[in-house]
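By convention here, the first residue in the shown sequence is residue 1.
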Amino acid sequence: MKLKYISLILIFIISSCGYKPLYKLEAGDNILVELYDVEIPVIQGDTGRNGQILRNNLMDMITPYGKSNNPRYKLQIVLQSPLIEQKAIRRDETATFATVKNTADYTLIDIETGKELLKSSTSMTSSYNILTQAYASDVTLKSAIDDNLKTIANDIFIRLSLYFKSGK
């Protein structure tokens, strides 16, 4: 019996706090349509493997059903080269631990007017172990960078969704 009352109280508290689900479509909401109309050109800056991974992650999130034939927005991204800092140093001056930081600057542009609608930056830092085997260390570094890029893509996706949800 008490559980029923607690459940009712929680429902009233949550419903009165102003919480709104981001992807719940209401009258006038068109987040999914707006996201579908975002074109993601080739990433600038770090255009190699990292730029491709970031772009693919974003495309999977923003346009999971394919690209729009007539996009209204362009998402320009400049990915900076990873910043690697060695942290734990042994007495023989070899590192055993490092961090890698990835940063992306992005701008959402209205294609028709050329106006910048949203401009921001996001970054992510991960750590990894530097192992005695060179190949194993390379794999851990690439894994840390991949995790950073996935988090950056998710952050950009959420910020775009919030921008479109807020009605610009």
_Carboxylate-amine/guanidinium proximity below 4.0 Å for K101 and E85_ = no
*Y106 and R159: which non-hydrogen atoms are nearest, and at how many Å?*
OH-CD, 2.6 Å
*Residues in side chain to side chain contact (heavy atoms under 4.5 Å, CB included) with Q44, at least two apart?*
V78
*Which residue pairs pass the side-chain hydrogen bond (donor to acceptor under 3.5 Å, both in side chains) test when at least one of the two sits in residues 123-134, sequence neighbours left out?*
S126-N148
*Transitive ILVMFWY cluster of V139, excluding itself - 4.5 Å side-chain cut-off*: Y135
*Residues I156, I158; criterion side chain to side chain contact (heavy atoms under 4.5 Å, CB included); working and verdict*: CA-CA 5 Å; I156 292 171; I158 289 171; over 6 Å; no
_Stepwise side chain to side chain contact (heavy atoms under 4.5 Å, CB included) test for Y73 and I111_ = CA-CA 5 Å; Y73 309 101; I111 291 176; 5.5 Å; no
*asked:* Going by the rule side-chain hydrogen bond (donor to acceptor under 3.5 Å, both in side chains), which residues pair with S121 if we only count those two or more places apart in sequence or in a different chain?
replied: D105
*Answer yes or no: is there a side-chain heavy-atom contact under 4.5 Å between I84 and T99?*
no
*asked:* For N154, give me all partners under side-chain hydrogen bond (donor to acceptor under 3.5 Å, both in side chains), at least two apart in sequence or on another chain.
replied: none
_Minimum side-chain heavy-atom gap R72-E34 below 4.5 Å_ = yes
Atom pairs and distances, donor-acceptor, side-chain atoms in residues 112-119, under 3.5 Å, two or more places apart:
| unit_1 | atom_1 | unit_2 | atom_2 | d |
| --- | --- | --- | --- | --- |
| T113 | OG1 | K115 | N | 3.2 |

*Please step through side chain to side chain contact (heavy atoms under 4.5 Å, CB included) for the pair V38 and T63, ending with a clear verdict.*
CA-CA 8 Å; V38 174; T63 56; 5.7 Å; no
*Which pairs, with at least one residue in residues 141-152 and sequence neighbours excluded, count as a salt bridge (charged side-chain N to carboxylate O under 4.0 Å, His left out)?*
R49-D146
_Residue list, side-chain hydrogen bond (donor to acceptor under 3.5 Å, both in side chains) with T151, at least two apart or on another chain_ = none
*Report the distance from atom CD1 of I109 to atom CG of L75, rounding to the nearest 0.5 Å.*
8.5 Å
*Of all the heavy-atom pairs spanning L79 and A104, show the shortest one and how long it is.*
CD1-CB, 4.0 Å
*asked:* For N102 and I145: C-alpha separation, side-chain torsions, deciding distance, then whether side chain to side chain contact (heavy atoms under 4.5 Å, CB included) applies.
replied: CA-CA 7 Å; N102 294 92; I145 290 173; 4.1 Å; yes
_From T103, I77, I152, residue fulfilling side-chain contact (heavy atoms from CB on, under 4.5 Å) relative to T122_ = I152
*Taking salt bridge (Lys or Arg N to Asp or Glu O under 4.0 Å) as the test, write out the residues that go with D138, two or more places apart.*
none
*From L160 CG over to S120 OG, what is the distance, rounded to the nearest 0.5 angstrom?*
10.0 Å
With a cut-off of 3.5 Å and sequence neighbours excluded, list every side-chain donor-acceptor pair involving residues 51-60.
| unit_1 | atom_1 | unit_2 | atom_2 | d |
| --- | --- | --- | --- | --- |
| R55 | NE | I40 | O | 2.8 |
| R55 | NE | P41 | O | 3.4 |
| R55 | NH2 | I40 | O | 2.9 |
| N56 | ND2 | Q52 | O | 3.3 |
| N57 | ND2 | I53 | O | 3.3 |

*Just by distance, do the side chain of T107 and the backbone of Q76 share a donor-acceptor pair under 3.5 Å?*
no
*Any chain of hydrophobic side-chain contacts (each under 4.5 Å) joining F157 to Y36?*
no
